[in-house]
Chemist: 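Okay, handing you the structure first.
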Amino acid sequence: QLQLVESGGGLVQPGGSLRLSCAASGFTLDDYAIGWFRQAPGKEREGLSCISSSDGRTYYADSVKGRFTISRDVAKITVYLEMNSLKPEDSSVYYCAAALNCYGLDYRWTATLDAWGQGTLVTVAS
């Protein structure tokens with residue numbers, strides 16, 4: 001059974017940084033592409049970043065490119081999202097999710113997710 005557990009959210013000031021972690025179980029990072037999306041109340045799911053299973057290639061949404069970095073530790077079956085230069089508009093619940101492919105982080109990724117975690121809340125405020 002695929003399981004994903006996020007951690008690392010919290011309150012941070014604008015311009016600050018956070019690192020989110022996604023601990024996976026029930027599969028290996030060679031089997032699934034892992035990514036992050038966020039969803040605020042009343043808003044649509046927004047795909048942010050994805051790291052492919054085959055070669056570790058990374059993809060980013062324009063809204064986070066240059067500020068967020070996704071990485072993985074295959075041995076620990078953990079994926080990270082380093083978030084820098086955070087803005088108030090980054091406030092949301094962040095989820096990690098598994099799919100067979102990143103699909104370049106286009107609509108197919110969020111449409112074909114096989115599993116996601118319970119989410120971790122990120123609040124950017126002064």
Chemist: Extract all donor-acceptor atom pairs below 3.5 Å that involve side chains of residues 5-14 and protein atoms in other chains or at least two apart in sequence.
Modeler:
residue, atom, partner, partner atom, Å
Glu6, OE1, Gln118, N, 3.0
Glu6, OE1, Gly119, N, 2.9
Glu6, OE2, Cys96, N, 2.9
Glu6, OE2, Gly117, N, 3.3
Glu6, OE2, Gly119, N, 3.4

Chemist: Which heavy-atom pair separates Leu48 from Phe68 by the least distance, and what is that distance?
Modeler: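 Answer, listing the atom of Leu48 first, then Phe68: CD1-CE2, 4.4 Å.
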Chemist: State plainly whether one hydrophobic cluster holds both Trp36 and Leu113, where clusters connect Ile, Leu, Val, Met, Phe, Trp and Tyr through side-chain heavy atoms under 4.5 angstrom apart.
Modeler: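 No: no chain of side-chain contacts under 4.5 Å links Trp36 to Leu113.
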Chemist: Could you pull out the closest heavy-atom pair between Asn101 and Trp109, with the gap in Å?
Modeler: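 Between these two residues, the closest heavy atoms are O-CD1, 3.2 Å.
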Chemist: Mark yes or no for whether Ser52, through its side chain, and Arg57, through its backbone, hold a donor-acceptor pair below 3.5 Å.
Modeler: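 Here the side-chain-to-backbone pair exists.
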Chemist: Output yes when a side-chain donor or acceptor of Ser92 lies under 3.5 Å from a complementary backbone atom of Ala40, and no otherwise.
Modeler: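 Yes; judged by distance alone, with no hydrogens or angles, the pair exists.
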Chemist: Does any pair with a residue in residues 82-108 pass ring pair (Phe, Tyr, Trp, His ring centres under 6.0 Å), and if so which ones, sequence neighbours excluded?
Modeler: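 Listed by first then second residue: Phe37-Tyr95.
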Chemist: Do Ser71 and Glu82 have side-chain N/O donor and acceptor atoms under 3.5 Å apart?
Modeler: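 Per modelled atom types, Ser71 and Glu82 side chains form no pair under 3.5 Å.
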Chemist: Go through the steps to decide whether Leu2 and Asp114 satisfy the test side-chain contact (heavy atoms from CB on, under 4.5 Å), and finish with yes or no.
Modeler: CA-CA 8 Å; Leu2 279 67; Asp114 285 323; 4.1 Å; yes
Chemist: One pair to check against side-chain contact (heavy atoms from CB on, under 4.5 Å): Met83 and Val122. What are the steps and the verdict?
Modeler: CA-CA 10 Å; Met83 306 187 297; Val122 172; 3.9 Å; yes
Chemist: With no hydrogens and no angle check, is any side-chain donor or acceptor of Arg108 less than 3.5 Å from a backbone partner on Gly104?
Modeler: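 Between the backbone of Gly104 and the side chain of Arg108 there is no qualifying donor-acceptor contact (under 3.5 Å).
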Chemist: Establish whether Leu105 and Leu29 are linked, either directly or via other cluster members, by ILVMFWY side-chain heavy-atom contacts under 4.5 Å.
Modeler: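 No, it is not one cluster - the side chains of Leu105 and Leu29 are not joined through contacts under 4.5 Å.
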Chemist: Could you report the tightest heavy-atom contact between Cys22 and Ile34, atom names first, then the distance?
Modeler: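 So the minimum-distance heavy-atom pair works out to SG-CG2, 4.4 Å.
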Chemist: Please check if Val124 and Leu81 belong to a single hydrophobic cluster, counting links between Ile, Leu, Val, Met, Phe, Trp and Tyr side chain heavy atoms closer than 4.5 Å.
Modeler: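 They do share one cluster, since a chain of ILVMFWY contacts under 4.5 Å joins Val124 to Leu81.
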Chemist: Flag yes if Tyr59 and Ile70 sit in one hydrophobic cluster, no otherwise; membership is Ile, Leu, Val, Met, Phe, Trp, Tyr, and two members link when side-chain heavy atoms are under 4.5 Å apart.
Modeler: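 Each belongs to a different hydrophobic cluster.
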Chemist: Same cluster for Ile77 and Trp116 if Ile/Leu/Val/Met/Phe/Trp/Tyr side chains link at under 4.5 Å?
Modeler: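 Different clusters.
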Chemist: Would you please test Asp30 and Ser53 for side-chain hydrogen bond (donor to acceptor under 3.5 Å, both in side chains) and show each step?
Modeler: CA-CA 5 Å; Asp30 293 327; Ser53 58; over 6 Å; no
Chemist: Is the count of non-hydrogen atoms from other residues, nucleotides or ligands lying under 6.0 Å from Glu89 atom CD greater than 12?
Modeler: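 Count over threshold, so yes.
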Chemist: In the structure I gave you, are the side-chain heavy atoms of Thr112 and Leu100 within less than 4.5 Å of one another anywhere?
Modeler: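 SC-SC contact between Thr112 and Leu100 ruled out.
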Chemist: Is there a donor-acceptor contact under 3.5 Å from the side chain of Arg38 to the main chain of Val93?
Modeler: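 Not a single qualifying donor-acceptor pair exists.
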Chemist: Given Thr69 and Tyr80, is the side-chain contact (heavy atoms from CB on, under 4.5 Å) satisfied, shown in steps?
Modeler: CA-CA 8 Å; Thr69 302; Tyr80 305 97; over 6 Å; no
Chemist: What pair of heavy atoms forms the shortest contact from Thr78 to Ala23, and how long is it?
Modeler: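 Of all heavy-atom pairs spanning Thr78 and Ala23, the closest is OG1-CA, 4.1 Å.
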Chemist: Where is the tightest heavy-atom contact between Ala61 and Gly47, given as atom of each residue plus distance?
Modeler: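 Closest pair (atom of Ala61, atom of Gly47, distance): CB-O, 3.3 Å.
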Chemist: Look up atom CZ in Arg67 and atom OG in Ser85, then write down how far apart they are to the nearest 0.5 Å.
Modeler: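 Taking CZ in Arg67 and OG in Ser85, the distance rounds to 7.0 Å.
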Chemist: Does the salt bridge (Lys or Arg N to Asp or Glu O under 4.0 Å) test come out yes or no for Lys65 and Asp62, once each step is laid out?
Modeler: CA-CA 5 Å; Lys65 197 172 295 182; Asp62 288 342; 3.2 Å; yes
Chemist: Can you list the steps and then say if Asn84 with Leu86 is a side-chain contact (heavy atoms from CB on, under 4.5 Å)?
Modeler: CA-CA 5 Å; Asn84 298 314; Leu86 283 163; over 6 Å; no
Chemist: Quick one: are Leu121 and Thr123 in side-chain contact, heavy atoms under 4.5 Å?
Modeler: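 Yes, close enough: below the 4.5 Å cut-off.
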Chemist: Does any non-hydrogen side-chain atom of Phe27 lie less than 4.5 Å from one of Leu4?
Modeler: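 Result yes, sub-4.5 Å side-chain heavy-atom pair found.
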